[in-house]
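The next block holds one structure in the form of structure tokens; read it before the comments.
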Protein chains: 2
Amino acid sequence: MAASTQSRPRGSGRGRRVTIADIAERAGVTSAAVSLAVNGRPGVSDATRARIMDIARELQWEPSPAARALAGAPVLTVGMVLARPAEVLGTEAFFGAFVAGLQEVLSRHDYSLQMKIVDSTEAEIATYRRWLAQRRVDGVIVVDLRQDDPRIPALEDLALPALVVGGPGHHGSLPSVYVDDAHATRLLVDHLAERGHRRIARVAGNEDFLHILLRDRAFTSRCEELGVAPVVQNAGFGAHGAEVATAALLAREDAPTALIFDSDEMALAGCHVLEESGRRIPQDVAVASYEDSALTLTHRPPITAIGRSAIEYGRVAANRLLEVVAAADAPRGTSQEARVIEPSLIVRDSTAQAPEPWSGRGGTPA
Amino acid sequence: MAASTQSRPRGSGRGRRVTIADIAERAGVTSAAVSLAVNGRPGVSDATRARIMDIARELQWEPSPAARALAGAPVLTVGMVLARPAEVLGTEAFFGAFVAGLQEVLSRHDYSLQMKIVDSTEAEIATYRRWLAQRRVDGVIVVDLRQDDPRIPALEDLALPALVVGGPGHHGSLPSVYVDDAHATRLLVDHLAERGHRRIARVAGNEDFLHILLRDRAFTSRCEELGVAPVVQNAGFGAHGAEVATAALLAREDAPTALIFDSDEMALAGCHVLEESGRRIPQDVAVASYEDSALTLTHRPPITAIGRSAIEYGRVAANRLLEVVAAADAPRGTSQEARVIEPSLIVRDSTAQAPEPWSGRGGTPA
DNA sequence: CTGAAAGCGCTTACAG
DNA sequence: CTGAAAGCGCTTACAG
């Protein structure tokens, strides 16, 4: 190893680190001048600023985040607390993609994302409180929004810049970004109705989450508007729930001719049940998913899905959070507003065909 | 909002924060004594320590990470740089699960994970250098190990505690954790050979990565030991590559009777091609995957897979990294060693059956 | 076991 | 535009 073997200061780092004092000495100015110069603030002449910058580069100076934070500057970190077990997060395609999108934007702005996994909503709120007291983060991003979520009043009280992912509604006075699930629902229902389906079922995920609830409502009301018979089958989350739910739907006398699943994982699981039962997709049953992914694309037939890219969702959330954090320093601005992501429908073969006429084994003809 | 509207110190936080000076004053000791007490270090009597702790709790004191870091204490953060676009990361099931496993362990130890996405290996190395200079992290975790990886010598030089995920070999003098891919390969090949397969193909991912290369080698040599004809079909990563590769294999005169895929995503894509071509799994072709997931389990038939849980891999890596970081403070210990994760084989229906006798359309009979 | 002090590397008023 | 200083909240020697 090329590193010096003599004992170095605690932690790490080879030799003494370069500080603004070193730069100041070389430049023949005070460290305050250096601070102003490197932070692009007025107070030094252009000539001195240039000289200082050159020396900083030459000395390979890097600012100390700790010193900056201690002196009151932003810590350039945002936090996200997850009150779900690693097992659940790890198996959900949405999580990885969302985080990747967040990271991409945050990294570009020299921000980092601090994540923490806890096991209850109370622990989540306690973490926000602690992060604020420690000045560990400049803001937080709140996910998995629920109806009447206790985190919202807690955060409103805390004066910690926060962005809620989810809505509309139920995010109190906090800024939010969300995908318009009602619109997505209408896209799906309209598409299936157009294809001639008159009995459409929704295989619904965990209804604790607000967006699931919003889909339920939009689904029922849109079906009714179109004179279509809506069925909502609760499935909890995950593949297994979707299998059971699909089987239950198939067993009905008036079995639906089209199924909409809340996630790509659920859709796949449902498809397998359909195939096993001998149904063909889309000839016997049409299938669509609220979540697009490599899986929906790869499946045979490829599955019609809502093009809400989780990566893009992450990017939008990160950009919005950075705005919110920046606004927190400024005089109270108009940062409360929500931002909506408009979903699109990607039509694929799984809904390519009209349902075959029902050969009278019960159920109301449309 | 209940928060005070009067101007508060820059950043955030309501009112003046509680410091060890406040505790010291209340307890009638110096702040040094408080520091010793709250950090569980000797130097204060048990009685004073207890009194100090009580007051700290009462005042809801939280240590300032910035002040601690500036004073030389560990920053309680580890870093991970990813030199892959968010798009790729986001669609890979492994990433989310691995991160979830890392986070679970790190969170429990009050460590946080700092991630950064860059677009080249050079940028990755530059990031390590910068993080070290800034004292931003206590250590880093290196993923996506390649043959003769330039990051290894760079990190050996940098005296930044680092854990390599990958191996064996090619991690230089750095500690490493890895899944024994050679062993996994033998498990798969042996299983298929036992089932009577004599023409086995490996649909291989991106061979830039060391673990893919190690699988290739182990695959060929094990097949030869067992008198089985090995075929390695390069597919790059992702679903599309796997489809093309599978189709190519099926087109061969001596088409294999068993296919091993490098990931669950690839396996699913391959299965769809098989199904489209009219092949039945496992009657006509057996399928196995190096990566287990909800998808391999949900598929019909369920797919035989290596039980290398990405979440568990993340947990092991996190624990090992924490050891490495702790060892960096201590006199140079024996932290260079590698730690191996032993994979297991989960047999499912996709390999349930012996291949049907080859009705003489070419190829060498076994 | 306890006290008084220096120092970590910045930023931010406040004088000149 | 520039200088001298205080302060952020800790930890760590170093004396008593």
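Order of the sequence lines fixes the chain letters, A, B, ..., with proteins taken first and strands second; residue numbering starts at 1 for each chain.
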Does P63(B) reach a base, just sugar-phosphate, or nothing at all? Heavy atoms under 4.0 Å. sugar-phosphate

Side chain of S45(B) only, heavy atoms from C-beta on: which candidate in dT2(C), dA4(D), dT12(D) is closest? dT2(C)

In whole angstroms, how far is the C1' atom of dC8(C) from the CG atom of D22(A)? 13 Å

Look at the side chain of V29(B) and decide which nucleotide, out of dT2(C), dC10(D), dG3(C), has an atom nearest to it. dG3(C)

Please state how far atom CG in D46(A) lies from atom C1' in dT2(D), giving the value in whole angstrom units. 15 Å

Any chance the side chains of Q114(B) and T77(B) put a donor and an acceptor closer than 3.5 Å? no

What's the closest nucleotide to the side chain of S35(B) if the choices are dT12(D), dG3(D), dG3(C)? dT12(D)

How long is the line joining CG of L70(A) and P of dC10(D), in whole Å? 9 Å

Reckon A33(A) touches a base, only the sugar-phosphate, or nothing at all at heavy-atom distances under 4.0 Å? nothing

Base paired to dA13(D) (Watson-Crick or G-U; both N/O distances under 3.5 angstrom): none

From dC10(D), dA5(D), dC10(C), nucleotide with atom closest to T19(A) side chain: dC10(C)

R135(A) has an atom CZ; how far is it from atom P of dT11(C), in whole Å? 12 Å

Would you say S31(B) places a side-chain N or O within less than 4.0 Å of OP1 or OP2 belonging to dG9(D)? no

Is any side-chain N or O of T48(B) closer than 4.0 Å to OP1 or OP2 of dT2(C)? yes

What's A66(A) touching, base or sugar-phosphate or nothing? Going by heavy atoms closer than 4.0 Å. nothing

Closest nucleotide among dC10(D), dG9(C), dT11(C) to the R17(A) side chain: dG9(C)

Side-chain atoms of L36(B) come closest, of dT11(C), dT12(D), dG3(D), to dT12(D)

Which nucleotide, dA4(C), dG7(D), dA5(D), lies nearest any side-chain atom of A32(B)? dA4(C)

Locate the shortest heavy-atom distance separating H170(B) from I152(B); write the atom from each residue and the value. O-CG1, 3.4 Å

Within the structure shown, what part of the strands sits under 4.0 Å from Q134(A) by heavy-atom distance: base, sugar-phosphate, or nothing? nothing

